[in-house]
Amino acid sequence: MSPRLPGSGSSVDSLLLAGVKLVTLSTGIVSTMVLSHSLSLHAYGTYAQGVLLVTLCADATVLGLADAVNYFFNREGGRGSSREYVRTVVVLQVLTGLSTALVLVALRGVIGGYFSNDDLVPLVVLLALRPMLTNMTTVLQVLVVSIGRARTIAVRNLVFSALKLSAVVVTALLTSSIAILLAMLLVLDVLSVLWFWDTFRRGAFAITLMRPHRDRVKEVLAFCLPMAVYVMTASLMRQIGALVIGMNESTQMYAIYANCTAILPFDVVAASFLTVIIPVVTRYVGAGRHERVLELFRHYLTVGYLTTVTFCVACLVVAPEFIEVLYGERYLPGGTVFRLYLLTAMIRFAGLSLILSASGRTRTLMAVSLVSVAANAVLCPVLYEVMGFVGPALASVAVNLVMAAALLRLSVRQLGGRISSVLPARGLGAYAVSAAGAGLAGCALRSALLGLGLPVAAVAALVFCAVSAAVLALNAAPLTGSLRAINSMK
């Protein structure tokens with residue numbers, strides 16, 4: 001039997017966050033299931049349009065400030081000057097968020113007209129502050145992780161995910177009012193920000209909304225603005241397809257598209273590792289220890305493809321069953337879109353901006369994102385005219401694949417390495433064979449179980465678990481090795 005991992009370290013914190021994040025994302029999926037099954041397509045489509053609005057505005061106004069607070073706080077090592085940087089970032093985020101809220105309320109009629117949905121107009125008032133609250137939560141979470149409170153975040157995520165699920169259940173069982181649901185979610189967002197603020201106050205120092213020094217503002221913005229363009233355009237690139245569908249299709253069809261392009265928690269392990277290694281990578285890059293960053297990056301990518309791609313392959317095998325269980329039969333017309341976005345999920349973890357942003361290469365990130373969003377802005381409407389409903393999804397997948405490959409290559413070159421140093425061909429080849437074999441066996445198992453007349457939910461669960469377990473068992477040695485390696489790096 002292999003020795004147990006130590007009780008502390010990056011891997012342990014990451015696995016804890018992965019477990020908790022799986023629970024919280026699962027409650028998010030359950031929430032979507034409850035709403036999809038209980039609301040009409042029009043009502044759910046209206047809710048999904050509101051979610052799109054919040055996401056776009058949050059990404060457009062985060063301004064790279066989460067990356068900035070990570071960069072400046074960890075660079076300063078918690079010294080006195082770090083307080084000035086943190087306060088500057090928070091003040092900028094609050095001012096930007098409040099301005100965004102006022103603009104949204106003023107333009108609520110225009111927003112409803114874009115989606116041809118009058119029911120969305122009054123709901124904008126309840127959505128207006130949520131972009132700011134979302135971004136404040138992100139900034140504060142980076143700070144809480146940086147002071148070593150990853151496990152505290154795990155507890156918080158469990159509590160708040162349970163509360164949000166409760167709000168959804170109340171909506172489904174007692175009322176079908178989207179307004180009541182959005183009001184409850186707004187209150188929970190406020191409480192979440194207050195919780196993170198208080199946790200950081202007790203672990204480091206209180207963040208006050210004081211007028212920042214002009215020099216600090218200039219320094220933060222010099223770092224942030226190129227990163228802001230990257231974040232904004234990367235978000236727009238992901239959402240252009242939804243915007244094209246929202247403008248050209250009915251609210252009911254938008255509901256189908258929104259659910260079938262939703263991000264499922266197949267990257268939960270990789271995302272949790274990324275959360276914990278962000279400060280580690282930043283410190284290594286700042287110290288010029290590029291060989292350590294390359295080693296950490298290689299192990300992160302190994303964990304990423306051994307878990308994320310495995311779960312995506314298993315889901316591809318039973319895609320129709322997954323759609324029916326998650327959203328209902330009404331959403332089956334989105335099957336092709338669902339499969340296309342699973343392909344994107346397979347590689348999303350590899351196209352991260354962490355190394356370039358930690359190295360101060362924000363202008364490079366800006367250039368990559370501008371090219372990507374321009375390509376997607378052209379391809380989405382063109383392919384919609386050619387292929388209809390599926391076109392924007394195909395365009396988004398193609399651009400995402402190219403962008404992830406470009407970011408991976410640029411990140412490795414920044415560290416003085418090669419692609420083969422972080423993605424060894426031998427390991428990838430062995431994994432590809434195991435995943436393909438398990439996928440084919442899963443297809444046979446699916447056909448057999450459907451032939452026996454088993455419920456759709458049982459077929460989806462059994463096949464998904466069987467394929468995932470087979471691939472993970474065949475690749476247990478490299479997965480365990482990478483977990484141990486990450487755990488030893490601090």
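Note that these values count all heavy atoms, side chains included, but never hydrogens, waters or copies made by symmetry.
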With a cut-off of 3.5 Å and sequence neighbours excluded, list every side-chain donor-acceptor pair involving residues 438-461.
from   : atom 1 : to     : atom 2 : distance (Å)
Arg446 : NE     : Glu321 : OE1    : 3.0
Arg446 : NE     : Glu321 : OE2    : 3.3
Arg446 : NH2    : Glu321 : OE2    : 3.0
Ser447 : OG     : Cys443 : O      : 3.2

Is there a side-chain contact between [X] and [Y] (heavy atoms, below 4.5 Å)?
| X | Y | result |
| --- | --- | --- |
| His299 | Val303 | no |
| Lys164 | Leu185 | yes |
| Val422 | Tyr300 | no |
| Val69 | Leu65 | no |
| Arg339 | Pro320 | yes |
| Val293 | Arg298 | no |

Enter the distance from [X]:[atom1] to [Y]:[atom2] here, rounded to the nearest 0.5 Å.
| X | Y | atom1 | atom2 | answer |
| --- | --- | --- | --- | --- |
| Thr336 | Leu394 | OG1 | CG | 10.5 Å |
| Leu332 | Glu324 | CG | CD | 5.5 Å |
| Ile240 | Leu379 | CD1 | CG | 9.5 Å |
| Leu340 | Thr261 | CG | OG1 | 11.0 Å |
| Phe311 | Leu316 | CZ | CG | 14.0 Å |
| Ile323 | Ile256 | CD1 | CD1 | 10.0 Å |

Is the [X] ring parallel, tilted or perpendicular to the [Y] ring (thresholds 30°, 60°)?
| X | Y | answer |
| --- | --- | --- |
| Phe205 | Phe73 | tilted |
| Tyr331 | Tyr327 | tilted |
| Phe223 | Phe72 | perpendicular |

So, the side chain of Trp197 versus the backbone of Leu140: is there a donor-acceptor pair under 3.5 Å, distance only?
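No; judged by distance alone, with no hydrogens or angles, the pair does not exist.
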I'd like to know if the side chain of Asn376 reaches the main chain of Ser372, judged simply by a donor and an acceptor atom lying under 3.5 Å from each other, with no hydrogens or angles considered.
no
List the steps and the verdict of side-chain hydrogen bond (donor to acceptor under 3.5 Å, both in side chains) for Ser36 and Asn259.
CA-CA 9 Å; Ser36 298; Asn259 272 0; 2.9 Å; yes
Can Thr61 and Asn135 be counted as having a side-chain donor-acceptor contact under 3.5 angstrom?
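Yes, Asn135 and Thr61 have a side-chain donor paired with an acceptor closer than 3.5 Å.
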Using distance only, find each side-chain donor-acceptor pair of residues 402-419 under 3.5 Å and give its atom names and separation, not counting sequence neighbours.
from   : atom 1 : to     : atom 2 : distance (Å)
Ser411 : OG     : Leu407 : O      : 2.8
Gln414 : OE1    : Arg361 : NH1    : 2.3

Using atom types as modelled, flag every donor-acceptor pair under 3.5 Å from a side chain in residues 425-436 to any protein atom, sequence neighbours excluded.
from   : atom 1 : to     : atom 2 : distance (Å)
Tyr431 : OH     : Tyr305 : O      : 3.3
Tyr431 : OH     : Thr310 : N      : 2.9
Tyr431 : OH     : Thr310 : OG1    : 2.8
Ser434 : OG     : Tyr431 : O      : 2.7
Ser434 : OG     : Asn475 : ND2    : 3.1

